[in-house]
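Below is one structure, written out as structure tokens; comments come after it.
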Amino acid sequence: MLRINVPERPQWKTLAKELGFHFHTIDGEPYWKENAYYQFTLEQVEQEIEAPTEALHEMCMELVDKVCHSNALMQRLAIPEHMWDIIHHSWRTGQPPLYGRMDFAYSGNGPAKLLELNYDTPTSLYEAGFFQWVWLEQAIEQGILPRHADQYNSIQERLLNAMAHLGDRLENRTLYFSCVKGSDEERATVSYLQDIALQAGLQAPFIYIEDIGVAQGVEHFVDLDDQPITALFKLYPWEEMAVEEFGEAVTQLNTHWFEPPWKAVLSNKGILPLLWEEFEGHPNLLPAFFEKDIHSPLDPGWVRKPFFSREGSNISLVTPTGQQESVGGPYTDSPWIRQAYHPLPRFGDKHALIGSWVVGDRACGMGIREDVGRITKDTSCFIPHAIL
């Protein structure tokens with residue numbers, strides 16, 4: 001794994017604007033960077049990223065099945081009891097997933113280590129699935145990359161196939177798309193998925209989460225025109241829905257959800273200790289424990305994470321040499337886990353994190369984020385990659 005400095009494409013910001021990539025710069029700081037790219041060999045990608053991703057995904061599915069048949073495990077994950085039946089039902093009836101992302105520490109030497117799962121509301125999809133592919137094609141055309149350069153990226157193709165299959169299960173081939181108001185990144189992610197759904201022959205109306213309603217005598221949630229929402233993709237966390245008034249209606253109405261309710265099991269960082277308990281010693285896993293089960297002080301070399309957290313918030317760590325780092329945030333009222341510290345590869349002052357994408361049940365691409373800190377945050381930069 002190498003970080004290679006290259007010139008930027010001329011006028012790439014104009015192109016980004018034309019293509020709807022409005023958050024390439026956030027609060028005046030670059031989010032997308034293309035003055036460098038990360039380089040891999042085909043063997044590294046196939047054997048050390050793609051294959052472990054699919055193996056870990058299968059392990060996760062085994063664990064979801066176990067959790068969905070155990071109220072005790074649901075309780076260990078702090079999933080509200082009123083959600084247990086809908087989670088179990090969604091799993092038992094085979095409600096399909098759409099996509100997810102695993103985050104890895106990987107340097108090119110030694111096995112990739114799973115840091116966490118983003119299996120409910122993962123973002124950075126547009127830039128991974130689309131914009132970095134545009135970068136690859138144009139970088140080859142402009143001589144920035146050699147003509148034989150490639151990229152580990154069939155994300156958009158897999159999403160298109162998945163949407164086409166979903167259409168056969170949806171009433172009137174209609175899938176609503178939703179996110180909260182006020183987030184350019186989330187709106188862009190949902191717009192990207194809407195566009196793919198349209199290409200797959202679906203009807204894909206949009207509604208903000210805040211505008212979804214309930215109508216007397218209607219067995220589904222409804223839109224602003226009181227039309228039933230029979231199926232909905234929501235870029236909104238299950239754990240937040242579960243504790244809101246909105247969440248109570250989820251268990252009573254028949255709207256079909258993407259991601260399905262069983263994804264609440266995998267969007268919870270408590271899944272990491274359960275994976276370690278079930279598959280202890282697996283080369284792609286790090287030791288992880290429920291904090292309440294730890295009864296003696298830990299030596300330095302651990303990361304503390306809340307069950308429910310997004311984009312690095314409320315994570316703290318201590319390296320084996322005693323260096324400390326933390327990120328604040330609002331996620332202070334859930335249980336915590338401790339995970340063994342494993343360093344991200346460092347290039348100059350940049351730490352790089354690999355996000356490995358799964359669509360349906362297949363690994364299909366990756367995106368790389370980098371930050372001067374050891375904890376990847378919402379402001380961490382996205383850097384393209386290539387296979388050479």
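In this text the structure is predicted, and so the values were computed from the model without any measurement. The basis for the numbers below is simple: all heavy atoms, side chains too, and nothing from hydrogens, waters or symmetry mates.
A ring pair (Phe, Tyr, Trp, His ring centres under 6.0 Å) check over residues 179-229, counting only residues at least two apart or in different chains, returns the pairs Tyr126-Tyr192, Phe206-Tyr208, Phe221-Phe246, Phe221-Trp257. Note on residues 83-99: no pairs pass salt bridge (Lys or Arg N to Asp or Glu O under 4.0 Å), not counting sequence neighbours. The salt bridge (Lys or Arg N to Asp or Glu O under 4.0 Å) analysis of residues 336-356, with sequence neighbours excluded, yields the pairs Glu291-Arg338. Among residue pairs with one or both ends in residues 50-59, those qualifying as side chain to side chain donor-acceptor pair (under 3.5 Å) are Thr53-Ser356, Glu54-Arg362, His57-Tyr119, His57-Asp361; sequence neighbours excluded. Among pairs with a residue in residues 352-382, those fulfilling ring pair (Phe, Tyr, Trp, His ring centres under 6.0 Å) read Trp32-Phe382, Tyr99-Trp357, at least two apart in sequence or across chains. Screening residues 293-330 for ring pair (Phe, Tyr, Trp, His ring centres under 6.0 Å), with sequence neighbours left out, gives Phe290-Phe307.
Judged as a side-chain hydrogen bond (donor to acceptor under 3.5 Å, both in side chains), and not counting sequence neighbours, Asn268 has no contacts. Contacts of Arg101 classified as side-chain hydrogen bond (donor to acceptor under 3.5 Å, both in side chains), with partners at least two apart in sequence or in another chain: Asp103. Residues forming a side-chain hydrogen bond (donor to acceptor under 3.5 Å, both in side chains) with Glu240 (at least two apart in sequence, or on another chain): none. By the side-chain hydrogen bond (donor to acceptor under 3.5 Å, both in side chains) test, Arg173 is found to be paired with Asp168, residues two or more places apart in sequence or in another chain being considered.
When the shell of 6.0 Å around CG of Asp293 is examined, it contains more than 12 heavy atoms from other residues, nucleotides or ligands. More than 12 heavy atoms of other residues, nucleotides or ligands shown are found within 6.0 angstrom of CD on Glu244.
Clustering ILVMFWY residues whenever any of their side-chain heavy atoms sit less than 4.5 angstrom apart, transitively, puts Leu166 in a cluster other than the one holding Leu232.
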Residues 73-82, side-chain donor-acceptor partners within the protein, below 3.5 Å, at least two apart:
| unit_1 | atom_1 | unit_2 | atom_2 | d |
| --- | --- | --- | --- | --- |
| Arg76 | NH1 | Glu277 | OE1 | 3.1 |
| Arg76 | NH2 | Glu277 | OE2 | 2.8 |
| His82 | NE2 | Ala242 | O | 2.9 |

If you look only at distance, which donor and acceptor atoms sit under 3.5 Å apart when one is on a side chain in residues 12-24 and the other is two or more places apart or in another chain?
| unit_1 | atom_1 | unit_2 | atom_2 | d |
| --- | --- | --- | --- | --- |
| Trp12 | NE1 | Glu8 | OE1 | 3.0 |

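Ionic pairing of Lys181 and Glu210 is not present here: no N-O contact between side-chain nitrogen and carboxylate oxygen is shorter than 4.0 angstrom.
Figure legend: Arg9 and Phe131 shown as a cation-pi pair, the cationic atom lying under 6.0 angstrom from the six-membered ring centre and within 45 degrees of its axis.
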